[in-house]
Amino acid sequence: QVQLVESGGGLVQAGGSLRLSCAASGRTFSRYAVGWFRQAPGKEREFVAAVRWSDSGTYYADSVKGRFTISRDNAKNTVYLQMNSLKPEDTGVYYCAAEYLAIPGTKPAAYDYWGQGTQVTVSS
């Protein structure tokens, strides 16, 4: 099992940047695929980015490509989401999720472990 804790959210103006962190417990974190999702009020949870456990390969939603970067530091049991050129439509609660020895999925159902979320608000 793994427990996930997100941090780094906040209020930022459009065009600004934030870096989210997802800190994990457990000695086998390096074997977990990790994804970031977000959920805006009244909307479904949507995929943002994911990183493979095997070679740290990455995946992105089209809406964030070129602006967001996901990375992992297995020595620190942490996955990061660097968010640049933020837009008001990026506003929402951001969640990290993990799945053991899996190819990262783009659907929430692909992940068994979730953090509690961190709020990101981008003002126009």
Task: Check: Arg19/Tyr80 side-chain N/O donor and acceptor closer than 3.5 Å - done: no
Open item on the list: I'd like to check Val2 versus Tyr100 (side-chain heavy atoms, cut-off strictly below 4.5 Å). Are they in contact?
Closed with: no
- [ ] Provide the closest heavy-atom pair for Ser17 versus Gln82 in the form atom of the first, atom of the second, distance.
- [x] CB-NE2, 4.0 Å
Task: Nearest-0.5 Å distance that lies between atom NZ in Lys43 and atom CD in Glu89 - done: 8.5 Å
TODO: Sequence neighbours left out, what passes ring-ring contact (aromatic ring centres under 6.0 Å, His included) with Trp114? Give chain and number order.
DONE: Phe37
Task: Heavy-atom closest pair, residues Ala50 and Tyr111 - done: CB-OH, 3.8 Å
TODO: Could you pull out all residues at least two apart from Ser7 that satisfy side-chain contact (heavy atoms from CB on, under 4.5 Å)?
DONE: Ser21
Task: Residues forming a ring-ring contact (aromatic ring centres under 6.0 Å, His included) with Tyr95, sequence neighbours excluded - done: none
Could you pull out all donor-acceptor pairs under 3.5 Å where a side-chain atom in residues 64-76 meets a protein atom, sequence neighbours excluded?
{"residue": "Lys65", "atom": "NZ", "partner": "Asp62", "partner atom": "OD1", "Å": "3.3"}
{"residue": "Arg67", "atom": "NH1", "partner": "Ser85", "partner atom": "O", "Å": "3.0"}
{"residue": "Arg67", "atom": "NH1", "partner": "Asp90", "partner atom": "OD2", "Å": "2.8"}
{"residue": "Arg67", "atom": "NH2", "partner": "Ser63", "partner atom": "O", "Å": "2.9"}
{"residue": "Arg67", "atom": "NH2", "partner": "Asp90", "partner atom": "OD1", "Å": "3.0"}
{"residue": "Arg67", "atom": "NH2", "partner": "Asp90", "partner atom": "OD2", "Å": "3.4"}
{"residue": "Arg72", "atom": "NE", "partner": "Asn74", "partner atom": "OD1", "Å": "2.9"}
{"residue": "Arg72", "atom": "NH1", "partner": "Tyr32", "partner atom": "O", "Å": "2.8"}
{"residue": "Arg72", "atom": "NH1", "partner": "Arg52", "partner atom": "O", "Å": "3.2"}
{"residue": "Arg72", "atom": "NH2", "partner": "Phe29", "partner atom": "O", "Å": "2.9"}
{"residue": "Arg72", "atom": "NH2", "partner": "Tyr32", "partner atom": "O", "Å": "3.0"}
{"residue": "Arg72", "atom": "NH2", "partner": "Asn74", "partner atom": "OD1", "Å": "3.4"}
{"residue": "Asp73", "atom": "OD1", "partner": "Ala75", "partner atom": "N", "Å": "3.1"}
{"residue": "Asp73", "atom": "OD1", "partner": "Lys76", "partner atom": "N", "Å": "3.4"}

Task: Note, Ser30 side chain near Trp53 side chain (heavy atom, < 4.5 Å) - done: no
Task: Over all atoms of both residues, closest heavy-atom pair of Pro88 and Ser124 - done: CG-CB, 3.9 Å
TODO: Could you list who else is in Val5's hydrophobic cluster, with ILVMFWY side chains joined at under 4.5 Å, directly or through other members?
DONE: none
Open item on the list: Quick check: closest heavy atoms across Leu81 and Ala49, and the distance to 0.1 Å?
Closed with: CD1-CB, 4.1 Å
Open item on the list: Please determine whether the number of non-hydrogen atoms from other residues, nucleotides or ligands lying under 6.0 Å from atom CZ of Arg31 exceeds 12.
Closed with: no
Task: Sidechain-backbone polar pair: Glu46 side chain, Gln39 backbone, donor-acceptor under 3.5 Å - done: no
- [ ] Please name the pair of heavy atoms, one in Gly117 and one in Val93, separated by the smallest distance, quoted to 0.1 Å.
- [x] CA-CG1, 3.8 Å
TODO: Taking all heavy atoms of Leu4 and all of Ala24, pick out the closest pair and write down the distance.
DONE: CD2-CB, 3.7 Å
Open item on the list: Once side chain to side chain donor-acceptor pair (under 3.5 Å) is applied, do any residues pair with Ser123, and if so which ones, sequence neighbours excluded?
Closed with: none
- [ ] Indicate yes or no for a side-chain donor-acceptor contact from Thr118 to the backbone of Tyr94 under 3.5 Å, with no hydrogens or angles considered.
- [x] no
TODO: Might you work through the side chain to side chain contact (heavy atoms under 4.5 Å, CB included) test for Val120 and Arg38, ending with a clear yes or no?
DONE: CA-CA 9 Å; Val120 171; Arg38 65 188 181 190; over 6 Å; no
Open item on the list: Within the 4.5 Å heavy-atom criterion, are Leu86 and Leu18 side-chain neighbours or not?
Closed with: yes
Open item on the list: If I take atom SG from residue Cys22 and atom CD from residue Glu6, how far apart are they, to the nearest 0.5 angstrom?
Closed with: 5.5 Å
Open item on the list: Distance alone, cut at 3.5 Å: any donor-acceptor contact between the side chains of Thr121 and Gln119?
Closed with: yes
Open item on the list: Are Tyr113 and Phe47 connected into the same hydrophobic cluster when the rule is that any two of I, L, V, M, F, W, Y join if their side-chain heavy atoms are below 4.5 Å apart?
Closed with: no
Open item on the list: side chain to side chain contact (heavy atoms under 4.5 Å, CB included) for Tyr59 and Ile103? Distances and angles first, verdict last.
Closed with: CA-CA 11 Å; Tyr59 306 82; Ile103 296 172; 4.1 Å; yes
